[in-house]
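Data first, discussion second: the structure below is written as structure tokens.
First the proteins, then the strands, lettered A, B, ... as listed; each starts at 1.
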Amino acid sequence: MSVRVRMAPSPTGFLHIGGVRTFLFNFLFARQSGGENRLRIENTDTSREVAEATGHIQESLRWLGIEWDGPVTFQLDRMDDCRRVAQELVAAGQAYEDEGAIRFRMPDEGATAWDDVVRGRVEVPNETIEDLVLVRSDGRPTYNFASPMEDVWDGITHVVRGDDHISNTPKQINIIRAVGGEIPVYAHVPSIFGEDGKKLSKRHGAVGIEEFRDAGYLPEALLNFLALLGWAPDGETTIMSRDELVARFDLARVTPSPARFDYAKLDWMNGVYLRALPPEEFAHRLVVWLGEHGYEWDSQLVAAAAPLVQEKISRLGEFPGFAGFLFEDVEPDPAELDGGGPMLAAAIEALEGLEPFAAEAIEAALRAAAERLELKPRQAFQPVRVAVTGSRVSPGLFESIDLLGRETALSRLRRAAAS
RNA sequence: GGCGCAUUCGUCUAGUGGCCUAGGACACCGCCCUCUCACGGCGGCGGCACGGGUUCGAAUCCCGUAUGCGCCUCCA
């Protein structure tokens, strides 16, 4: 039997990073076993936001490279089928009416057990499971009824979901048994916490996929990072492409304990991916990101500046703060110039008639000026850097002056020298 | 409270009875490189939750305790 899994988000607005990790595991598992990965929107509400949220979910998944097979399905569309099955269960004595709702008759004796791919055997005494509501008094089926029914109807072979569903599993197994369906294999993957060990929420930082995108993370880096939360191919390998992940992923090796989301490690990994990009590709991504985030900067200049920052930033979103001086005027803090007056004057003189006005020649001229003033390179260049870039931290100084052009560079130097 | 799940450096993890005086990565610290920052190189700090067993031998198996988390909703 061919593997078929499903990703089942509820359309609550944005795609949570924790849910995405679970979806990623579904995707990796399906791909490597040559099976199918379905996308099913689980909502029992008919809210207006559904269409919009569904769009966001699909867009985020696509951006990350998590693909699904077949059409997107909606729990909503199977309400009638659920109601019909509930009636049949009532007729068969396996469910009963209760104040307008329909409740499932759970077995009272024995235990319900399953062999979880991630956790091993899990057993729950049946006496501890309540008779759960299948259909609400307003006619809508509940999640714990609709979800297993859809798994049966869709021929889902493996249910890979968050471990917050462990307690639901025995209920769903009993329902599937009652309707004579095939019990899927269950794999409950651990949840993801924030850095404080609490449920990951907005106060920890970005949690929605779109927020990561806006911050300038690369989808392939985020995907790689997510895959390593709760799973590792061995103790050594950390950087893996999507294809490598597909090839090496092993559901049975997923750890059962929850992981904390380490933003610092994500930043590091994103930097690794950024640096590994061919220079033209890096420039292209930078231009695109800036364009999508409201910056109307000359793309030629952005592309020219890209090589200066590729090794220095770990997120595309750091570019404006780091290299914005190339596109907008700066206001250096005079205090940061500390005692650089003589060097500024020397720099102005060195650059005024310099030919060619290019990085290499600029460097030679400024170094010569520093030497004449008997200043160490570090002492000499900091005031110049502050004057030209407005900051003590910047891309390479000579390349920056080159890109800025003689006129702009000189006017900034003169203004700083006069202050 | 009941039921369930989890517990290796600060974090992500390797480890499935001897290869472990526990390995890697991020973070942190130091040194080197260096026009700042970063990159890179080298080195360092740091962990098997606790207590009992089983065994010649336990991070690895069993029991208990503690802590955390999930569910117990006509939420998903």
Watson-Crick or G-U wobble mate for C5(B), both contacts under 3.5 Å: G68(B)
In sequence, state the C-alpha distance, the side-chain angles, and the governing distance for R392(A) and D333(A), and then conclude on salt bridge (Lys or Arg N to Asp or Glu O under 4.0 Å). CA-CA 10 Å; R392(A) 310 178 72 129; D333(A) 177 356; over 6 Å; no
If you measure from the P atom in U65(B) to the same atom in U21(B), how many Å do you get, rounded? 32 Å
Whole-Å distance between C3(B) C1' and D164(A) CG? 16 Å
Look at the side chain of R103(A) and decide which nucleotide, out of G70(B), A14(B), C74(B), has an atom nearest to it. C74(B)
Does R136(A) make a side-chain N or O approach to OP1 or OP2 of C75(B) shorter than 4.0 Å? yes
Taking atom C1' of G70(B) as reference, at what distance in whole Å does atom CD1 of I192(A) sit? 15 Å
Kindly say whether the aromatic ring centers of F225(A) and Y263(A) come within a distance under 6.0 Å. no
Nearest-Å distance, CG (D262(A)) to C1' (C28(B))? 12 Å
Between Y273(A) and N224(A), is any side-chain donor less than 3.5 angstrom from a side-chain acceptor? yes
Using a 4.0 Å heavy-atom cut-off, does R253(A) contact any base of the nucleic acid, only the sugar-phosphate backbone, or nothing at all? sugar-phosphate
Does the side chain of T169(A) come under 3.5 Å of the side chain of Q172(A) through a donor N or O and an acceptor N or O? no
Suppose we define a pair by two distances each less than 3.5 Å, Watson-Crick or G-U wobble; what does U21(B) pair with here? none
Would you mind classifying the nucleic acid contact of D138(A) as base, sugar-phosphate or nothing, using non-hydrogen atoms under 4.0 angstrom? nothing
Using a heavy-atom cut-off of 4.0 Å across all strands, would you classify T255(A) as base, sugar-phosphate, or nothing? sugar-phosphate
Contact class for Q310(A) (heavy atom, under 4.0 Å): base, sugar-phosphate, or nothing? nothing
G-U wobble or Watson-Crick pairing nucleotide for U54(B) (cut-off 3.5 Å, both distances): none
I'd like to know if the side chain of R385(A) pairs up with that of Q382(A) as donor and acceptor (distance under 3.5 Å, no hydrogens or angles considered). yes
Using Watson-Crick or G-U wobble geometry with both distances below 3.5 Å, tell me the partner of U73(B), or none. none
Measure NZ/K265(A) against C1'/C26(B) and give the value in whole Å, please. 5 Å
Using a cut-off of 4.0 Å on non-hydrogen atoms, how would the nucleic acid contact of G230(A) be classed: base, sugar-phosphate, or nothing? sugar-phosphate
Applying a 4.0 Å non-hydrogen cut-off, can you work out what S167(A) is touching in the nucleic acid: base, sugar-phosphate, or nothing? base
Is it the case that the ring center of F25(A) lies less than 6.0 angstrom away from the ring center of F249(A)? yes
Does anything in residues 364-380 of chain A reach RNA chain B, meaning a heavy atom under 4.0 Å, and if so which residues? R367(A), P377(A), R378(A)
Under 4.0 Å, heavy atoms only, any strand: does F261(A) hit a base, just the sugar-phosphate, or nothing? nothing
Looking for any heavy atom pair under 4.0 Å, which part of the strands does H165(A) touch: base, sugar-phosphate only, or nothing? base
Using a heavy-atom cut-off of 4.0 Å across all strands, would you classify R385(A) as base, sugar-phosphate, or nothing? base
Is the distance between the ring centroids of H158(A) and F29(A) less than 6.0 Å? yes
Exactly one of V152(A), V160(A), V159(A) clears side-chain contact (heavy atoms from CB on, under 4.5 Å) with I156(A), and that residue is V159(A)
Whichever of S257(A) and T128(A) has its nearest RNA chain B nucleotide further upstream toward 5': T128(A)
Would you mind pulling out the nucleotide paired to G43(B), Watson-Crick or G-U wobble, both distances under 3.5 Å? C29(B)
